[in-house]
Structure formats: C-alpha cells, structure tokens
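Take a look at the structure below.
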Amino acid sequence: MFNILHVAAHSIFIITLALLLSLLFNGLERKLIARMQARIGPPIIQPFLDIKKLFIKENIVPANSIKWLFNAMPLVALASALLLFLYMPFAGMPPLLQAHGDLILVLYLFIIPPLALAIGAFASASPYASIGAQREIVLMMSYEFVLSVVVIAFAWLLSFSHAGAYAFSFDTLTAYPIWNLVDGIGKLGVALLLVSALAVFPAKVAKLPADISEAKTEIAEGVLVEYSGRNLALLLMAQAVQALAFASLIVALFFPWNISAFLALPSIFALIADFIFFLVKTFAIMFASLILVSAATARLKVDQAARIYIYYVFLLALFGLAFIGLDRLLVM
Amino acid sequence: MGLDALKRSLWVFHINTGSCNGCDIEIIAALTPRYDAERFGVKLVGSPRHADVLLVTGPVTRKMKERLIRAYEQMPEPKIVVVVGNCGSTGGVFYESYNLEGPIDKIIPVDIYVPGCPPRPEAIIHGLAKAWEKLEGMKKCKQQNL
Ligand code: SF4
C-alpha cells in the first residue's frame with residue numbers, strides 16, 4: 001500500500017516537473033528564434049500565459065464532428081506524452097517504472113500523441129484538418145523507420161557485447177554508454193545514428209521545416225484547425241511535452257552519463273548537479289536540432305519531407321548500422 | 001483567472017474583405033523585426049477558432065459579407081473585433097461603391113477602429129493595446145455588476 005502511494009506521489013512530481021520544464025523550454029525556444037531573427041521576442045513565460053488564456057476561452061466543438069472522439073483525443077495526446085517520463089530516465093534519475101517498461105514501450109508511446117492528433121483532426125469533420133491529418137500520418141510512416149533502425153542498432157550491439165543484459169532496458173543503456181562499446185569506424189557509425197535521430201526531431205514535434213501537418217499559411221493550422229479553448233491548450237502542452245521527451249530520449253540513448261559520477265559530490269548536491277546537467281544536455285539537443293534548424297529553414301512539401309526521411313535519413317541510419325557491424329567484425 | 005489572462009497573449013486572425021492590400025501589408029509590417037508585435041504576446045494565427053481578435057481590413061464586398069459573419073461566429077468567446085483602415089471604418093476611397101455591403105460595423109459589432117489609409121504599424125499595435133483596455137473595462141464592469 002505504502003509503495004503504491006509512494007509511486008503515485010513520485011509520478012505526480014515527475015509529471016508536474018516535466019510539464020513545467022517543457023513549457024519553459026518552449027518559451028526559451030520562441031525567445032531564441034526571435035533573437036536570431038533580430039526581434040526582441042516574447043517573454044520566456046509566454047507559453048504559460050498562452051495556456052492560461054486558452055483555458056478561459058470558450059471550447060467550441062464543431063456541430064458535425066464526432067464529439068466524444070474530438071474531445072477525448074487532446075487528453076489522450078497529453079496523457080501519453082506525459083506518461084513517457086515515467087518510463088524514461090528523467091533529470092538524471094533512472095526511470096520510475098523501469099520494471100514495467102522498456103525502450104520498445106517508449107517508442108510505442110511516442111507514436112500515440114501524433115496519432116491521437118490525427119484521429120481528433122479526422123473526427124472534427126473539417127477538410128483542412130483531414131488534409132493535415134493525412135500529412136501527419138504520411139510523415140509518421142516515413143520517420144518511424146529511421147527510429148527503429150536506431151533502436152535495432154543499439155539492441156544488436158548490446159546483445160553482442162553484454163549478452164547477459166536485457167538490451168532494451170534503460171538500465172542497460174545507462175550502464176553501458178554506446179560510445180564505449182565501439183571504436184574507430186564504429187564511433188562514426190554511432191555518430192551517423194545520432195545525426196539521423198536528430199533529423200527526425202523536427203518532424204516528430206511538427207516544427208519547421210517539417211510542420212507540414214499544421215502549415216498555418218497553407219491549410220489554416222491543419223490538424224489543429226477546429227480546436228479551441230481547453231482542447232487547444234491540451235494539444236499545445238502535449239506538443240511541448242513531446243519535444244522535451246524526445247530530447248531526453250536522445251540523451252538517454254546517446255549521452256547517458258551523469259555528472260555526479262565524475263565529481264564525487266555528497267548525495268543531495270549530486271542530485272542537483274545531475275538535474276542541471278540533464279537540463280544542459282536536453283537543451284543542447286533541442287538547440288542543435290530544433291531551434292537552429294527551424295530558425296534557418298522554410299517548410300518542405302510533404303512528398304519532399306517523406307522522400308528525405310525514407311531515402312536519405314534512412315540510408316544514413318543504415319550506414320550507421322553497417323559501420324557498427326563492420327566494427328564488430330574487426331574486433332572479432 | 002479572469003479576462004486579464006488575455007492581456008499578454010492576444011492571438012489575432014486577419015481577414016481581408018476586399019481591401020486594396022495596403023492595410024494587410026501594414027499588418028505584416030507590425031510583425032517584422034522593426035515593430036515585433038510578438039514581444040507583447042501578439043501572434044497571427046491561421047484559424048478563427050484560435051483567435052481572440054478579429055483583425056478586419058477592407059470595405060466588405062458582397063461576396064465577403066457571408067464569409068465575414070461566418071469567421072466571426074467561428075471565434076470562441078471572449079472576442080474582440082478591430083477594424084484596420086479607413087475603408088473598413090467608413091468605406092473610405094470605396095465610399096458608395098455599387099458592390100459594397102459595408103462598412104464593417106453594419107455587419108458585425110466592432111470594438112476598435114484604427115483609422116488611416118493605410119494606418120502605420122504603430123497605430124495597429126496601439127489599436128491592440130486599446131483592445132486590452134476594452135477587455136479590462138469589461139472586467140471592471142463584471143466586478144461591479146454593471
Ligand atoms: S484603408 Fe486604404 S490602404 Fe487600407 S485597405 Fe482600405 S484603401 Fe487600402
């Protein structure tokens with residue numbers, strides 16, 4: 001009984017923290033993009049103001065939509081995005097529910113928010129929304145390939161080097177950072193995997209150059225077109241949370257180190273140091289693959305984006321896999 | 001949480017009801033680095049469902065009347081209508097033209113008029129500031145049960 005209460009309290013803490021952090025990162029992102037365009041930009045707390053405002057607005061449900069589906073999907077999107085943090089290493093701590101889920105579960109959970117968004121859009125009966133939803137699905141099918149190659153590469157490598165360990169658990173991934181398992185050409189392979197995972201980032205969270213599903217000037221915000229008020233707030237939060245979640249997945253896969261291991265700090269300071277180090281890592285990932293990229297690019301067409309992911313990024317990931325394989329051959 | 005939640009976060013939907021495009025360009029100019037309306041939380045959105053402010057330009061041609069009403073009705077409450085430009089406020093250079101249904105306040109309730117042909121971007125931002133003031137006023141009325 002006590003254990004259940006403890007887990008519940010802990011997960012509420014993690015979820016609140018994740019929500020606050022992701023909105024903060026979202027504000028930081030808007031500010032930095034504005035600075036890069038020589039603007040002053042909104043205050044960093046702008047996402048909080050926007051969400052607060054959306055909650056007092058009227059919540060319109062279109063007359064010929066499927067109402068329960070339309071209303072349920074924003075909740076599903078936000079809940080599954082937040083759930084991710086219970087199964088992933090977050091803020092330098094091991095995942096809370098790691099006995100119950102692994103990397104594969106996390107990958108599945110990542111699919112739910114975009115899917116929920118697409119279903120909600122189809123349910124709204126707006127032609128703009130269904131165009132957006134179709135684009136969302138096309139894009140999803142093209143980048144999921146890449147992610148699966150990345151995950152397979154990790155599991156394959158771990159199953160060779162540490163045959164006893166369970167290759168898909170975050171425990172194993174944290175205990176044996178992938179860069180230490182390979183050398184020379186294998187490191188190049190891992191770097192290619194990292195680049196291809198970063199290339200997926202904008203599409204995953206619908207930011208430029210891959211904000212095709214909600215192209216504002218083209219299909220009137222696409223999947224979001226009919227959402228207003230509370231539902232829109234939930235969806236915007238889900239998107240922000242997803243961005244933080246994907247950044248922390250990349251951190252967990254490629255940069256699982258904790259700074260306290262190097263510094264030998266007393267326990268409470270070690271927690272704080274790890275937390276700050278985690279923030280720095282996730283922010284660096286977001287900066288490199290989201291903020292810089294979306295400030296510098298324009299929107300792609302959906303067929304261009306699909307082609308880029310299916311051909312080029314996928315090929316890049318395959319090369320990464322091949323290099324890692326070559327490295328194993330050389331070692332053996 | 002009252003209406004003042006809108007204060008630093010006004011999302012704007014822009015609709016052109018047959019203007020000469022002069023005012024529309026000035027609205028875009030208000031978002032450029034020189035004026036940067038986003039620093040006040042003003043954002044141009046692509047769907048009336050997301051908007052707090054309907055920014056209307058143009059004198060309302062016959063074809064646009066229905067669409068204007070529809071866009072207005074699609075916006076969630078609380079909402080504010082800001083007219084940008086002389087031709088939307090009075091007919092301006094198109095006054096008494098044969099194919100007009102406007103000006104805009106004949107068709108939907110207007111809260112703020114920004115005069116000028118076209119008005120400067122500063123004037124448009126000033127109009128949005130007036131919109132906040134109006135919302136503040138609504139809040140006070142509510143508190144005093146007026
Ligand atoms: S007010 Fe003047 S500049 Fe603006 S749309 Fe009308 S005619 Fe054009």
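Note on naming: letters A, B, ... go to the chains in the order of the sequence lines (proteins, then strands), and numbering restarts at 1 for each one. All values below were derived from every heavy atom in this structure, side-chain atoms included, with hydrogens, water molecules and symmetry-related copies excluded.
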Exercise for the section: Can you tell which part of B:Ala37 gets under 4.5 Å to a heavy atom of chain A, answering side chain, backbone, both or neither? Expected result: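 Nothing of B:Ala37, per the 4.5 Å heavy-atom cut-off to chain A.
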Practice task
Locate the shortest heavy-atom distance separating B:Ser47 from A:Val225; write the atom from each residue and the value.
Solution key: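 It is OG-O, 2.8 Å.
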Handout entry: Exercise: identify the closest heavy-atom pair between B:Pro76 and A:Lys57
Key =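 Looking at all heavy atoms of both residues, the closest pair is O-NZ, 3.1 Å.
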Practice task
Answer yes or no: are there more than 12 heavy-atom neighbours, outside A:Phe70 itself, under 6.0 Å from its atom CZ?
Solution key: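 For A:Phe70, atom CZ is crowded (more than 12 foreign heavy atoms under 6.0 Å).
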Practice task
State whether the number of non-hydrogen atoms from other residues, nucleotides or ligands found under 6.0 Å of A:Lys301 atom NZ is greater than 12.
Solution key: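 Result for NZ/A:Lys301: open.
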Reported [atom1]-to-[atom2] distance for the pair [X] and [Y], which is rounded to 0.5 angstrom:
X	Y	atom1	atom2	value
A:Arg39	B:Glu38	CZ	CD	4.5 Å
A:Leu232	B:Trp11	CG	CH2	5.5 Å
A:Gln46	B:Phe40	CD	CZ	11.5 Å
A:Glu58	B:Arg49	CD	CZ	9.0 Å

Would a distance-only check, ignoring hydrogens and angles, find a side-chain to backbone donor-acceptor pair under 3.5 Å from [X] to [Y]?
X	Y	answer
B:Asp36	A:Gly41	yes
B:His50	A:Ser228	no
A:Lys53	B:Leu10	no

Problem - Proximal component of A:Leu54, with respect to chain B [non-hydrogen, under 4.5 Å] - result: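 Side chain only.
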Exercise for the section: Measure A:Ile51 against the heavy atoms of chain B and call it side chain, backbone, both or neither at under 4.5 Å. Expected result: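 Contact with chain B is absent: no heavy atom of A:Ile51 under 4.5 Å.
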